[in-house]
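Worksheet for the structure shown next.
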Protein chains: 2
Amino acid sequence: MVWKAATFNVNGIRARLPLLLEWLQEQRPHVACLQEIKCQDKDFPHDAFVEAGYHVVWKGQKSFNGVAVLTTDPPQEVVRETDREVLDGEARFLAVKTCGVWVINTYVPQGRSPQDPAFGYKLAFLKETAQWIDARFAPDVPLLWTGDINVAPDPQDVYDPQRLDGEVGFHPEERRLFKEILGWGLVDLFRHLHPDEKQFTFWDYRLPRSVQRNLGWRLDHMLVTEPLAQAARDCRVDMTPRQKPKPSDHTPLVAVFHLDALSVSSPG
Amino acid sequence: MVWKAATFNVNGIRARLPLLLEWLQEQRPHVACLQEIKCQDKDFPHDAFVEAGYHVVWKGQKSFNGVAVLTTDPPQEVVRETDREVLDGEARFLAVKTCGVWVINTYVPQGRSPQDPAFGYKLAFLKETAQWIDARFAPDVPLLWTGDINVAPDPQDVYDPQRLDGEVGFHPEERRLFKEILGWGLVDLFRHLHPDEKQFTFWDYRLPRSVQRNLGWRLDHMLVTEPLAQAARDCRVDMTPRQKPKPSDHTPLVAVFHLDALSVSSPG
DNA sequence: GTTTCCCGAG
DNA sequence: CTCGGGAAAC
């Protein structure tokens, strides 16, 4: 099957609901990983997604963070709790197996500033997620770690690498860690398919006309294991939601895979 | 000329802007008195009304209160300050002469509760407005005192006169004062033209389905001097804005006058 | 319920 | 700039 996956930091699912539903109808991803839903579980607009034809798994908290996974096919497995304090303490982690693929959706802490304890938390969150994956999966299973990773790995991933060097999101320590994580057996799919493109997924609201001036960052990623990398046919940023009225500060990243082409080592 | 006047407590002019502009295009009043604009002067959406073909006078304050007068014809005179502390202390009073008619727009304090100092302030505000009018005008000039007066004068002006007797807005003291003020030479135009109609202009947001159950109050009025009363051809409540999405808790009161029929004692 | 302000967070 | 939350007012 042709399988479409997407990640989208919506910055408030209630504020973004009209835009998000419109985008889902246009793109019809088989799986959509959402971050920063910013609502408690009871306030999640579940019905709207069911009406749109999706199964929904969500994990919210008051005010901040919160993640959700929408799937056209019912999820085969769901992991809501990892029993790791760093991953479970805030609503930032959700894993779902759908269409035979494990999808890990994370909203990695932004980090605030390199001196702030939040930066240590960010690094720990990245490490623990990688460890959790390592403990549970091998690099030869079809796995997609996606979401707002909040790290721009390379100079071409920020609008001004000189000025931003050392800033949170483009700090040597996180970039090094990001590469180290890839070393386990993950491919940065967008960069893999587009080695030279300068394409962003986030533009700060606070910079005037940041979209028009393209003052962006590539912070949202699809990290895939080798079998999925080989099954990939496309991975691109969809700019349209960021250009509409009342946008999120992020815009979706979308990938297409030929799951039939998947060569899995294990029998199941 | 046929002259249409309206009063509308918008409960936040920024939140109500789409509804208000739509309503202005449908009704095209020559003068529209707005209350509870709830914005500072710098935040008033002046341009939107100019584009809609209106001259605008407004007086706002932070957070609460605030009044505005829209006129199709340029105002001949404007009174923004009365030099009376009670009238000028909060943004509740604005007077404009347009098309030869003096229009006094007030947002009378709600009063909170009969024991609260705010209730005394309400009574004082009503008295001072009446005094200001008396000091400046005679009952034989065309004058319209309109706005959210926050008094339901008679039992037929509230949804449950028994239960509400003594409540703020339907307290004997304010009703008595309201009648006393009319005694100077003002006519409650809606009641004058519709002696037996039970028609409201306000329905509390907090009562579930208050509009459908018609749990309302008649708090918004057009008090006119005799010449205007004789020139009046119509005075009715326009329910449509209260029935649309995102309504104010009030709905407009609209009146039509034949100004040619005006017999003014003075020459100008 | 609804609006506005102020706050913390990004 | 924008979101959500809590307070105050009606």
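Source: prediction; values computed, not measured. Proteins get letters first, then strands, A, B, ... in listed order; numbering begins at 1 in each.
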**Fill in**
Atom CG of Asn9(A) and atom C1' of dT2(D) are separated, to the nearest Å, by 12 Å
**Complete:** The reported gap from CD in Glu128(A) to OH in Tyr121(A) (rounded to nearest 0.5 angstrom) is 10.0 Å
**Prompt:** Any donor-acceptor pair under 3.5 Å linking the side chain of Glu36(B) with the backbone of Asn9(B)?
**Reply:** no
**Message:** Taking the basic N atoms (NZ, or NE/NH1/NH2) and the acidic carboxylate oxygens, is any pair closer than 4.0 Å for Asp157(A) and Arg175(A)?
**Reply:** no
**Prompt:** Can you give the first and last nucleotides of DNA chain C, 5' to 3', that have an atom under 4.0 Å from a heavy atom of chain B?
**Reply:** dG1(C) to dC6(C)
**Residues in contact with DNA chain D, drawn from residues 11-25 of chain A - heavy-atom cutoff 4.0 Å** = Asn11(A), Gly12(A), Arg14(A), Ala15(A), Arg16(A)
**Request:** Look at the rings of Trp217(A) and Phe202(A) and say which category their plane angle falls in: under 30° parallel, 30 to 60° tilted, over 60° perpendicular.
**Result:** perpendicular
**Request:** Please report the closest heavy-atom contact between Val56(B) and Phe49(B), naming both atoms and the distance.
**Result:** CG2-CB, 3.6 Å
**Request:** Mind listing the closest non-hydrogen atom pair of Lys244(B) and Glu26(B) along with its distance?
**Result:** NZ-OE2, 3.9 Å
**Prompt:** Does Lys198(A) pair with Asp154(A) as a salt bridge, N-O distance under 4.0 Å?
**Reply:** no
**Request:** Mind listing the closest non-hydrogen atom pair of Asp41(B) and Trp58(B) along with its distance?
**Result:** O-NE1, 3.1 Å
**Item:** salt_bridge(Asp43(B), Lys38(B)) N-O dist < 4.0 Å
**Value:** no
**Message:** Please report the distance, rounded to the nearest Å, between OH in Tyr205(B) and C1' in dC10(D).
**Reply:** 10 Å
**Item:** Other residues, nucleotides, ligands: >12 heavy atoms within 6.0 Å of Gln162(A) CD
**Value:** no
**Request:** Quickly work out the Glu36(A) CD to dC3(D) P distance and round it to whole Å.
**Result:** 12 Å
**Item:** Check: Asn150(A)/Gln110(A) side-chain N/O donor and acceptor closer than 3.5 Å
**Value:** no
**Prompt:** Could you give the NE2-to-C1' distance, from His250(A) to dT2(D), as a whole number of Å?
**Reply:** 12 Å
**Prompt:** Which nucleotide in the list dC10(D), dG5(D), dC3(D) gets nearest to the side chain of Gln110(B)?
**Reply:** dC10(D)
Between the protein and nucleotides 6-9 of chain D, which nitrogen or oxygen pairs come in under 3.5 angstrom?
residue: dG6(D); atom: OP1; partner: Lys62(A); partner atom: NZ; Å: 2.9

**Spacing of Phe202(B) atom CZ relative to dC10(D) atom C1', expressed in whole Å** = 7 Å
